[in-house]
Amino acid sequence: MGVENKRRRDVIRLAVTSMASLGLIPLNRAVASITSADVLVIGAGISGLAAAKDLVSRGKKVIVLEAQHIIGGRILTDRSLGTAIDLGASWIHGVNQNPLSSIAASLNLKTSRSDYDAIQRYDFDGRKVTEAEGRGLDARFDDLLSGITELQKTASINRSLGVSIDEILQTKKYSGFDQRGIRYSINTEIEHEYAADVDDMSLKFWDQDDSFSGGDVFISQGFDLITDFLAKDLDIRTSTVVQEIEYRGSTVNVKTLTDVFTARQVIVTLPLGVLKAGGVKFSPPLPASHLGAINRIGMGLLNKLYLRFPRNFWGTSDQLIGYLGHDSGHWAEWYDFQRVTQEPILLGFNAASFASTLEGYSDEQTVASAMKVLRTIFGASIPEPLGYRLTRWGQNPWSLGSYSYLGVGASPRDCDVLSRPVRSKLFFAGEHANKSYIGTAHGAYLSGLKASRLIR
């Protein structure tokens, strides 16, 4: 056995030396092992897991390399408040014909349906917005959307959605209440949806994506039950940080700090934020087409704050709480998460610029700013939260943002470019590579399947 082990070590050492002489591995790299597979998948988010599961079902030897110590990527379920709360993807958007809805049903997962019309809005001073006022706000927003649609017909690809909105609003004579209401609607209906400021979004293409019908649902037991299902029986190497992907020769070499993994083909499911930051080196560099698409597509930011209280003080008749504050976009939308968990929890959302600003706050400052709004709405006597969980996706080094959007200068073609193979060896997947369902978990899942099925 000792002789056999020595022979194996000698073979590995010879292979490493040969690869180094060809420039495939730096000579000063301390390599602990070389591991081969048919296909390597970079990233154990939902797109990577979908691709790997599909490939394994077709008889391929697949290894998934994941930088974090856990799987799931931007599907991240936390249970520290005594119940399942999702810090990343929360909803299955559109249950009809959605592949994630089918998986949830096959696993008998309990879901909670969202009714976005079940909403009570409050003005800046805590006054309840009446039903008639609410209908007026909705009508004015619908009118704005109609104006945007007209402008899209002749819009340049470099035209900003925000600039166009401002031009439309300058033709209106709105009261202070109406102005707060329209800015509230822009923030919650557009900026929260696409995780970006309207000033940064493409007028022509911001809403080019498709959707499944049937309404949206939360998975009451946690979204990670889906990724756990997909990961079952896969070879996943967690805490494995990829530093370089080299695709010069007949095989692709994926290098970590100490190891090299080789395969004929690699599926890269790194989040767009990581690709934009150059978090992994590609040798040779990616084609100009791919680099251009990565640069043009925007990486958005949507953060969450869960507050668990000793009791429900907000009532039970509505699912959503809206706030028409003077500072547009500051704690404008809350969800009654007790409907999902049966526990007194409120979920607050912030997107784009204000979400980025909040990432510079301490936890205590963030909770205090949220409680100031809640006390404006519900009174100074409401209790302090018993616990909280918040996200800072922009500061997360493994995502550097929440999900992607089409920014000024970008087009759906950029997503198509990212879904194309490079030299029949590199394949890309992720929500940013799916123009039809950009920014969604099901978009990421479907892109993973698409990438896997391009591999023969």
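The figures that follow rest on heavy atoms only: side chains count, while hydrogens, waters and symmetry mates do not.
Taking 4.5 Å as the limit, some side-chain heavy atom of Phe141 sits within range of a side-chain heavy atom of Ile190. Counting heavy atoms from C-beta on, the side chains of Ile148 and Asp207 never come closer than 4.5 Å. The shortest distance between side-chain heavy atoms of Ile345 and Arg308 falls below 4.5 Å. Counting heavy atoms from C-beta outward, Thr262 and Asn253 have side chains that approach closer than 4.5 Å. Using a 4.5 Å heavy-atom cutoff, the side chains of Arg413 and Val417 are in contact. With a 4.5 Å cut-off on side-chain heavy atoms, Val252 and Ile245 count as touching. Put simply, the side chain of Ile85 reaches to within 4.5 Å of the side chain of Arg389, judged on heavy atoms. Between Leu418 and Leu275 there is no side-chain heavy-atom pair separated by less than 4.5 Å.
With respect to the salt-bridge test (charged N to carboxylate O, under 4.0 angstrom), the residues Lys232 and Asp228 do not qualify. A salt bridge is defined here as a Lys NZ or Arg NE, NH1 or NH2 lying under 4.0 Å from an Asp or Glu carboxylate O, and Asp115 with Arg113 fails to meet this definition.
Residue pairs that meet the ring pair (Phe, Tyr, Trp, His ring centres under 6.0 Å) test with at least one member in residues 255-292, sequence neighbours left out, are His290-Phe428.
Applying ring pair (Phe, Tyr, Trp, His ring centres under 6.0 Å) to Tyr306 and the options Phe349, Tyr388, Tyr335, Phe337 leaves one that passes, Phe337.
Shown here are the side chain to side chain contact (heavy atoms under 4.5 Å, CB included) partners of Lys372, two or more places apart in sequence or in another chain: there are none. In this structure, Asp142 has no salt bridge (charged side-chain N to carboxylate O under 4.0 Å, His left out) partners at least two apart in sequence or on a different chain.
Taking the six-membered ring where the residue is Trp, the centroids of Tyr437 and Phe212 are separated by under 6.0 Å.
The heavy-atom pair separating Tyr405 from Ile297 by the smallest distance is O-CG2, 3.3 Å.
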*Please report the C-alpha distance between Leu257 and Val241 in whole Å, then the side-chain angles of each, then the deciding distance to 0.1 Å, and finally whether the side chain to side chain contact (heavy atoms under 4.5 Å, CB included) criterion is met.*
CA-CA 7 Å; Leu257 184 62; Val241 180; over 6 Å; no

